[in-house]
Amino acid sequence: MGKVVVALIAFAILSFVLADLMGPNSTLFGNDTTVGEINGKSISIQEFQNIAQQQENDYSLYTNRQPSENERPMIREQAWEYLVSQYAYGEQYDELGIEVPRDESIDMISGRNINPTVRSFFSDPQTGQFNRDLLVNFLQNFNDQAPVYQNYWNMIKRNLVPARLRLKYENMLIQSAYSTTAEAERSYHADNDVAEIKYLYVPYVTVSDSVVSVSDAELRDYLNSHSKEFQTEATRSLSYVTFPIIPSSSDTAMVADEVNALKQELVNVNDDSVFAAINSDANNAYLTLPLEQLPPRLQVMSDSLKAGQIYGPYLDLNGYTMYKISDVATDTTLYDVVTIVREIYASDETRDAAARKADLFASESNDRESFERNANEQGLAIIPASGILQNSQRFATLSNARQVVTWAFRDADTGDVSEDFEVDEQYVVAVLTGQTEKGLQPLENVRQEITEIVKKQKKAAIIKEKLQGASGSLEDIAASYGNEAEVYSSSDLKLSANILPNVGFDPAAVGVAFSLEDGETSAPFEGESGVLIIEMQNKTISPEIADYSAFSEQVKQAEKVRTTQQISEAIKDHADVSDMRYKFY
C-alpha cells in the first residue's frame, strides 16, 4: 500500500513539473524566453525576474510589508524602467563621458554634499535635522546593526550612483537650453504686438456631407502621405460579458447569524478593544471619539448613549455594522466606541454557481457570432473595449484585467473566445474582435478620422472656389456668397493668442493675419474649422527695447520644460525599445 501511495505522489509531482515545462514560460523545446530588447540587448525573462525580485525586496523594506497582487504590476514596471535606464541611458553616459567617481560617491554618503535620502535616514525624528554623529556611528558599527537596517542601507547605496548618473545626464540636457536674441525678440513681439483685423468666415459645416464623396483610394493616399501621424503601438480590441459574483440571500443570512452571535458575546466581553481587533473587519475597531466624530447613527442619539449599550446591527451596502459604547467620559465629551463590521462575502457555493454559468457560456461560444448570439439570448450586456495596449492593467469597466490582456496578445486570434477569467469579483468571458500590430495603422482603424479630414479638404476647395469668384469688400463678398458667410472683427489680436473670436483655436489663421501689411487682404485659405479671408486694418508693432533678457529667460524656461518632458521618450525611441512582457505577465 505504501509503495502505491509513493508512486502516486511521484506521478503527481512529475505531472506538475511537466505541466510547468510545457507551459508558455518554459524553455523546453526552444520556447522563446525573451521578454524584450533594449538598444540591441536581448532581455531574458530570468534577467527581468531578477531585477523585479530586487525591486520587490526594496519595496518590502521601504513599506515594511510584502506587495499586494495589485501592486506587483507597478513593481514590474519599475523593473522594466530600471533595465531601460541601464541599457538605453548607459550608452549615452558612456558616449558623453558621464560618470560618478569614487570620491563623489563617498561625498554623497558622508561628505559635504550628502544625498537627500541619506540625510532623511539619519535625521532626528523630533527636529527633522540631519544628525551626522548618528550616520558616523551607524557606519562604524555597521556589522552590529540589525539586518533590516543593513538591507535598507544597502538598498540606498545601490541606487545612489544610478540616480546621480541619470540626474547628471538630464541636467546636462536641460541646462543646455538656450535662447537667442532673435527668439527673445519674437517672444516679446508675440506678447505685445497688436493687430486690428476684419475677417470673413465660412464654416465647413455649412457644406453638406452629401455634396462631397470620398473614395478608398483618396483615403489611402492621405494615410500614406501622412504616415507619421498614424503610427501606433500594438493594440487589441475585444468584447466581453460578465457574470457577477453577488452574495446570495443565504450568504447574507449567514453573516447576519454571525453578527448576532457576536452581539451576544460582546455584551459580557472582558476586553472590548481585544474583542474588536479580533472580530471586526474595520481598520479602527476601537476608538476614543468626541461627539462630533461619532458615527452618524450614534450622533443622532447622543443624549441617550450609555456605557455598555450595544447599537445595531445595521445592514449597510456591503455588510453589517454594530456599535458598543465601551465607556463615556464623566463630562460626556469623549466616548470609547467599539465598531464591529462584518462584510458580506459570496460563499464558495455562490462563486461556484457564477463560475459554472461563465464556463458554460465560454464552452458554447466558439466564435464572435456564437458569442454575440448566446449573449443576446441570455440577456447579457456585451461591453466593447478597444485600443488595449500590451501592458494595460485595466480597460473599459475592468480594473485588474491583466490576465485577459495577456490572453488577447499571447494566445488569441481574431474571433477566438476566451475561457472564463475571474476579475474584480466577477467572471469574464471575452472574444477578440481586432488586432493591430505596431507601425502604420490599417485604414479601417482610422477610416472615420481620415474621412473627416479629406471631407474637410474637399469642402474647403468648394468654399474657396465660390469665394474667389466674388469681389469688393468683405461685406460684399459675404453678401455674394450667402448667409453661410459671416464677417467679424478683432481690435486686439495678439500672435501669442492662437485664437480668433467666433472661430476658435486657429494658430495658422493668426499667423496669416500677422503676415499681412496694413490694408492688405489675404486670399481665401483653409483654417481649422472653416475657410477665412483676413483683412489687416492696422498692425501696431511694439517699439524695440534695450533689454530682452526677461523674454530670453521665458523662452529658455519653456525649452527646459519641453526637454524635461521629452528626454525619456527620445531615449527609448533612439534605443529602439521592444517590450514583450505581455508574453509572460
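Numbering starts at 1 and runs along the sequence shown.
In terms of heavy-atom proximity, Asn445 sits nearest to Thr436 at ND2-OG1, 2.6 Å. Shortest non-hydrogen contact noted between Ser44 and Val35 is O-CG1, 3.8 Å. Gln231 and Gln441 make their closest contact through O-NE2, 4.0 Å (heavy atoms, listed as atom of the first residue, atom of the second, distance).
For the side-chain contact (heavy atoms from CB on, under 4.5 Å) test with Phe409, the passing option among Met580, Gln390, Lys583 is Gln390; the others fail.
Looking only at atom types and distance, the side chain of Thr252 has no donor-acceptor partner in the side chain of Ser249 under 3.5 Å away. There is a side-chain donor-acceptor pair under 3.5 Å between Gln53 and Asn57. In this structure, a donor-acceptor pair under 3.5 Å is absent between the side chains of Asn374 and Glu364. A side-chain donor from one of Asp58 and Gln54 sits under 3.5 Å from a side-chain acceptor of the other.
Legend: residues meeting salt bridge (Lys or Arg N to Asp or Glu O under 4.0 Å) with Glu77, ordered by chain and number and at least two apart, are Arg581.
If you look at Phe421 and Tyr240, their ring centroids are not closer than 6.0 Å. With ring centers used as reference points, Tyr222 lies under 6.0 Å from His226. Tyr152 has its ring centre less than 6.0 Å from the ring centre of Phe121.
Residue pairs satisfying the salt bridge (charged side-chain N to carboxylate O under 4.0 Å, His left out) criterion with at least one member in residues 393-409, sequence neighbours excluded, are absent. Every pair passing side chain to side chain donor-acceptor pair (under 3.5 Å) that includes a residue from residues 256-266 is listed here, sequence neighbours excluded: Glu258-Arg342.
Taken from CG in Asp352 to CD in Glu349, the straight-line distance is 7.0 Å, to the nearest 0.5 Å. Rounding to the nearest 0.5 angstrom, the gap separating the OH atom in Tyr582 from the CH2 atom in Trp407 is 14.5 Å.
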Verdict with supporting geometry, Glu71 and Ser68, side chain to side chain donor-acceptor pair (under 3.5 Å): CA-CA 5 Å; Glu71 291 166 331; Ser68 68; 3.3 Å; yes
Evaluate the criterion side chain to side chain donor-acceptor pair (under 3.5 Å) for residue pair Asn154 and Gln150; output intermediate values, then yes/no.
-> CA-CA 6 Å; Asn154 289 332; Gln150 291 181 351; over 6 Å; no
| said: As a quick check of understanding, evaluate side chain to side chain donor-acceptor pair (under 3.5 Å) for Gln309 and Tyr311, giving each step before the final call. | reply: CA-CA 7 Å; Gln309 187 66 42; Tyr311 302 89; 5.1 Å; no
| request: Give the C-alpha distance, both sets of side-chain angles, the deciding distance and a yes or no for side chain to side chain donor-acceptor pair (under 3.5 Å) between Ser227 and Asn224. | output: CA-CA 5 Å; Ser227 59; Asn224 292 331; over 6 Å; no
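Other residues, nucleotides and ligands contribute only 12 or fewer heavy atoms inside 6.0 Å of the CG atom of Asn283.
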